[in-house]
Protein chains: 2
Amino acid sequence: MSEQSDARTRFLRLHDMLRMRICLLDYPPGTRLSEEALATEFGTSRTPLRRVLARLEDEGLVVSQHGVGNIVTDIDPGEMARTYDLRRELAGLVGRLSPVPITDEIIAKASGFLDQGLALLEQPDIRALAHLNMVYFHFGTSLTLNEALREMSERLYYRTARIWLTVTPHLNLVDETAIFVSELRDSLSALQARDGQAAADIRRAHISLCIARMNAVKG
Amino acid sequence: MSEQSDARTRFLRLHDMLRMRICLLDYPPGTRLSEEALATEFGTSRTPLRRVLARLEDEGLVVSQHGVGNIVTDIDPGEMARTYDLRRELAGLVGRLSPVPITDEIIAKASGFLDQGLALLEQPDIRALAHLNMVYFHFGTSLTLNEALREMSERLYYRTARIWLTVTPHLNLVDETAIFVSELRDSLSALQARDGQAAADIRRAHISLCIARMNAVKG
DNA sequence: CTGATCAAATTTGTGCACATCTTGACCATT
DNA sequence: AATGGTCAAGATGTGCACAAATTTGATCAG
């Protein structure tokens, strides 16, 4: 009873895969995505694939140019900074608009994220760190029942996810991992106190700090 | 030098027209939009039109069902209430995140909106009121330079625009017009004082009051 | 009259052929 | 050698024919 039509399931799967590849920089900005090549890889024709690319274009991750190709968008630092400003505010709102009651199950999940983060401290890996950050972000948005807030937060997250991966190599990977682990630790503490607002504020504060670190790199 | 390709221009025009029809209830919730009929009306084939419908589906205004049709979505009151909660917060943020300096030109626009509102008081018209509200909303979002904030605000606006039109007939049209005019008047005063934050707070407050009025109807 | 069953009609999804546009290479001219 | 034009190659955009899915109505058995 997956209640999803086959076409929609495939659409969501392809969209997820391509978005992930873009956000993990498998397709760096400027990459030309050939519809024909992708259609061949996924075993479909161009038509369903164009539906996926259309959505990625609406999300601002690619731009389609007639006669040229589907080009992975570049990142304008100023716009990304403003997008981060909004993400920071939305992160705080998660604790105020329709917050979910904190259950033992939620705490267990947060604890699991901390374990994975600690494992990454032993064996740093920027790609694994980015992936864990993504999963943890979805966990964060799941703490509100406000569907629109979840959707907008995720939309903005995927638009800014690449900038962090671009900047991190210039920082110290071990340091960044440690900072992320401390966020996971603080977040777990707040949740254990059954204080969802505090947990949201912690995520908000870490976005602020992330903005500051990236500004320091730029300057 | 409109710098837009022909295909993109047509896409934007069709998207705007269909979105307007949905939000003004020309296509009430549950309406089945036939791709063939719309393609004939606009003088294209189904292919470009499906690109438009795909975006409307991503925006949550229609759902496409294989073998059935493209159906205008219904409105869940609870979700709409939560969406309004977020819209209220975003309206306040417009005054804090990258606000634009208030120029004479901006004040002139606000003054023009007030004139149009006053004209509507003389000759009430729910459709004209809804249209003026839409134009004024875009004016409001133009007061921030934060592109993401503008985009998310507009996305949420179009998702909730219909609920207001659905509820207003149960209220008094003249009263609603008068309330809107007072918002325009307050907004103009704040802008004349060169206080963009105050103008944003006024719009925020009016969203709060609108939520309260709609809750009163429901209860 | 009621219920089920099936076929026809209608609608969206897919694949393909072709139109349109961009780019770059090649070549003739100055 | 520099420059301008022309053309071919390759990419996305469009239109059409068909596949797949759903609904509807007719038809027939009970």
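Just so it is clear, the structure is predicted and the values come from calculations on it, not from any experiment. Order of the sequence lines fixes the chain letters, A, B, ..., with proteins taken first and strands second; residue numbering starts at 1 for each chain.
Looking at B:Arg10, its side chain has no donor and acceptor atom pair within 3.5 Å of the base of D:dG13. In terms of polar N and O atoms assigned as donor or acceptor, the side chain of B:Thr47 comes within less than 3.5 Å of the base of D:dG15 in a complementary pairing. In the interface, the side chain of A:His66 is paired with the base of C:dT20 through a donor and an acceptor atom under 3.5 Å apart.
A donor and an acceptor atom, one from each side chain of A:Arg159 and A:Thr83, are nowhere located under 3.5 Å apart. A donor-acceptor contact closer than 3.5 angstrom links the side chains of B:Ser187 and B:Tyr136. Using modelled atom types and a 3.5 Å distance limit, the side chains of B:Asn133 and B:Tyr157 yield a donor-acceptor pair. Side-chain contact of A:Thr168 with A:Arg213: a donor-acceptor pair under 3.5 Å is absent, judged by distance alone.
In this structure, the CD atom of A:Glu36 is 17 Å from the P atom of D:dA9, given to the nearest Å. One atom, CG of B:Leu49, and another, C1' of C:dG13, lie 15 Å apart when rounded to the nearest Å. Rounded to whole Å, the distance from CG on A:Leu56 to P on D:dT12 is 14 Å. Here the P atom of nucleotide C:dT11 and the CD1 atom of B:Ile71 are 12 Å apart, to the nearest Å. One atom, CZ of B:Arg8, and another, P of C:dC21, lie 15 Å apart when rounded to the nearest Å. The distance between atom CG of A:Asn70 and atom C1' of C:dT22, rounded to the nearest whole Å, is 14 Å. Between the P atom of D:dC16 and the CD atom of B:Glu35 lies a distance of 15 Å, rounded to the nearest Å. The interatomic distance linking A:Phe11 (CZ) with C:dT12 (C1') rounds to 15 Å, in whole Å.
At a threshold of 4.0 angstrom between heavy atoms, the contacts of A:Leu33 are confined to the sugar-phosphate backbone, with no base atom among them. Counting any heavy atom pair closer than 4.0 Å across all strands shown, A:Arg51 reaches no nucleic acid atom.
Taking the side chain of A:Ala7 as heavy atoms from C-beta on, and the options C:dT14, C:dT12, D:dT22, the nearest nucleotide is C:dT14. With distances taken from any side-chain atom of B:Pro48 to the nucleotides D:dT14, C:dT12, D:dT12, the minimum falls on D:dT14. The side chain of B:Thr44 sits closest to D:dG15 out of D:dG15, C:dG13, D:dT12. Nearest to the side chain of B:Val68, among D:dT22, C:dT23, D:dG13, sits D:dT22.
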Checking salt bridge (Lys or Arg N to Asp or Glu O under 4.0 Å) for the pair A:Asp16/A:Arg21: CA distance, chi angles, key distance, verdict? CA-CA 9 Å; A:Asp16 231 54; A:Arg21 291 181 185 181; over 6 Å; no

A:Phe180 and A:His131: CA distance, side-chain angles, deciding distance, ring pair (Phe, Tyr, Trp, His ring centres under 6.0 Å) verdict: CA-CA 12 Å; A:Phe180 181 58; A:His131 194 270; over 10 Å; no

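Of the residues near DNA chain D, A:Gly69 and B:Arg32, the one whose nearest nucleotide (by heavy atom distance) lies more toward the 5' end is A:Gly69. For A:Arg46 and B:Gly67, each mapped to the nucleotide of DNA chain C holding its nearest heavy atom, the one lying further toward the 5' end belongs to B:Gly67.
Contact between the side-chain N/O atoms of B:Arg50 and the OP1/OP2 oxygens of C:dG13 is found at a separation under 4.0 Å. Contact check, B:Ser64 against C:dG13: a side-chain N or O comes under 4.0 Å of OP1 or OP2.
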